Amino acid sequence: MSNEEKQSMQEQDDDLQAGMDTFFAEPSPEQEKQKTAGGMSKTVKGLIAGVTALVLLGGGLTAALLLRNQKTDPPSGSDDSGNVGTTDADALIPLNTSLVDDLTQVDVKGVDTFTVYRISEETETESAVYSIKGLEDIPVSNNLLSTLANNASDLSAYQLVEENAADLAKYGLADPDAKITMHYADGAKFSMAIGMESPLDNIYTYALVEDDVYLVKSSLMSNYRKELNFFVSSTVLEEPAEGDYPIVKSVRIQREDLDYDIYLEYENDENEESAGGAVAAHVMREPVFAYLTPDKSVDVTNGMFGLSASEVVAIHPTDAQLADAGIMEPFCTVTMKCSGGKSYSLYFGNTYTKESTGLECYYAYFDGVDLLYGISVDNAVWATMEPGDITSANILNTYVWDIATLDVSANGKSISFKGEGDKDEYEVTKDGKACDTERFRQFYRFMLYIYGEELYLEGEKPDREADAYIHVTTQDGEENVKVEFYKLDNLNLMVAINGQPTYKTRSSCLDAIAQNIDIFDTNEEFTTTWR
């Protein structure tokens, strides 16, 4: 751009422009000429006289604030990106007229030095894809990288501050925050240095193009100031599309603070109607058998998909960095196995506090991605959860019309049922005799009300006969569940499912079972609560 063109654009701003960022620059020859020719308005003359008086009184800051209040507004046709809108287009100064479609590479030298390059061009259905040289094995945020390509392409300035600037330090350009060079397919280049934000209005930043200082939108320049880690994807494992979502077959959690593993497994016979739909498709196998509550367990079983880190601590971390973070001997190891034979491992090390936010995080490492992450304690559910946090209180999980046999005994009293048929044609017998199916349904509904009040993790079941039991099999042969009750003391029962101690509940439950066996052949309502 010629000096004449620049000067013509400069004259489009009104005389109050002298009270903006040029307050820090030498007046141009044209401005001196206007002053001697009486070109200033009375308002501006009075303003400068007032500023002079304030400066003489040591009120330099006040003067700057006064000037700030008198600055002109951005052109009404400029949009949030700082580029030309539909009106007042001539008020903006074109700096780089090349388009992002022609961009091939961006060199950034700021907090870190790196090069962004385009892997594939934009299509009708897909955005352009970018990568970082030397980090091809690292997942990056394409959205963030695209800002480095877009923000300085087809770029315009709001104001020319100073031509052929000699003193760059006052604009933060002697040691700029960042230098960028844009490379285009036709061989063209565009280079720019980014300085400090304007002290009069921080929505603008000083930029050096060739030897001239301009004001450009700060929002467009901010990402060029970022460190390299900022552009690395914080998503630990991408969440698959809905149609491609795998089945999580199992999750094993190994923790230094627990003397047992937590092992969750997918159950193929998921039935939405069983136990009122209150249990998940996964069950706990270790440390005890238990059903899981869907809303409480989903973050543990499926939470690795879409897991987001609070920050990327290190790219290609060294063994020393991993050791310092506690990853070499992790506090918590999570292994998730999915359908299709895929397996994923996530390791949590030491905790630390993120300086910028005060957020407490775990150092974490995901097998196969050479990054050291910081994951917030809230998101690191595997490192903090307890078995009882995700388990359902349900003891039985069989839908009533699926039952083939049901045997119940308590306090020396027992009852036995056999059933067959689907819901519409279900028939049941009690102790070998015909039985009202609705009465049977109500009795079994009471069984579903029996729940575990807490997990039992204290040892083996007693070596004696159970004080009560419920034994259920299903018509399809898939389920054969025996629930045994053992008195621990006058107040508590231990509940074992298929021989494995699982829950504790109140011993008064035994009386309720015995009473309901007694009244089955009456019209009395079954007891569904006990104390």
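Here the structure is a predicted model, which is why all the values come from computation and not from measurement.
- No side-chain N or O of Tyr214 forms a donor-acceptor pair with one of Glu162 less than 3.5 Å apart.
- No donor-acceptor distance shorter than 3.5 angstrom exists from the side chain of Asn379 to the backbone of Ile375, with no hydrogens or angles considered.
- In this structure a side-chain-to-backbone donor-acceptor pair under 3.5 Å is present from Arg255 to Met385.
- Using a 4.5 Å heavy-atom cutoff, the side chains of Thr181 and Val106 are not in contact.
- Annotation: Phe289 is in aromatic contact with Tyr291 [ring centroid separation under 6.0 Å].
- Distance check, rounded to the nearest 0.5 Å: OH of Tyr344 to CE of Met304 gives 9.5 Å.
- Cation-pi geometry between Arg252 and Tyr263 is satisfied (NZ or CZ under 6.0 Å from the ring centre, within 45° of the ring normal).
- When ring centroids are compared, Phe114 and Phe231 come within the 6.0 Å threshold.
- Annotation: side chain of His316 is in contact with side chain of Asp137 (closest heavy-atom distance under 4.5 Å).
- A donor-acceptor pair under 3.5 Å is absent between the side-chain atoms of Asp177 and the main chain of Met196, judged by distance alone.
- In terms of modelled atom types and a separation under 3.5 Å, the side chain of Ser218 and the main chain of Asn202 share a donor-acceptor contact.
- With Thr293 contributing its side chain and Lys296 its backbone, the two residues share no donor-acceptor pair below 3.5 Å.
- No option in Leu228, Leu371, Val116 other than Leu228 meets the side chain to side chain contact (heavy atoms under 4.5 Å, CB included) test with Leu135.
- A side-chain donor-acceptor contact under 3.5 Å links Asp212 to the backbone of Asn164.
- For Lys189, the NZ atom is loosely surrounded, since the number of other residues' heavy atoms within 6.0 Å does not exceed 12.
- Judged by distance alone, the side chain of Ser233 and the main-chain N or O of Thr235 form a donor-acceptor pair under 3.5 Å.
- When side chains are defined from C-beta on, Pro246 counts as touching Phe305, because their heavy atoms get closer than 4.5 Å.
- Counting heavy atoms from C-beta on, the side chains of Val213 and Leu168 come closer than 4.5 Å.
- You'll find the side chain of Glu239 reaches within 4.5 Å of the side chain of Tyr245, heavy atoms only.
- Proximity of Ile138 to Ile315: side-chain heavy atoms (C-beta onward) are separated by under 4.5 Å at one or more points.
- Taking the side chain as every heavy atom from C-beta outward, Leu292 and Met284 approach each other to under 4.5 Å.
- Enclosure of atom CD in Glu136 by more than 12 non-hydrogen atoms of other residues, nucleotides or ligands within 6.0 angstrom is indicated.
- A salt bridge does not link Glu265 to Lys337: none of the charged nitrogens lies less than 4.0 Å from a carboxylate oxygen.
- No hydrogens or angles considered: nothing links the side chains of Thr351 and Tyr363 as a donor-acceptor pair under 3.5 Å.
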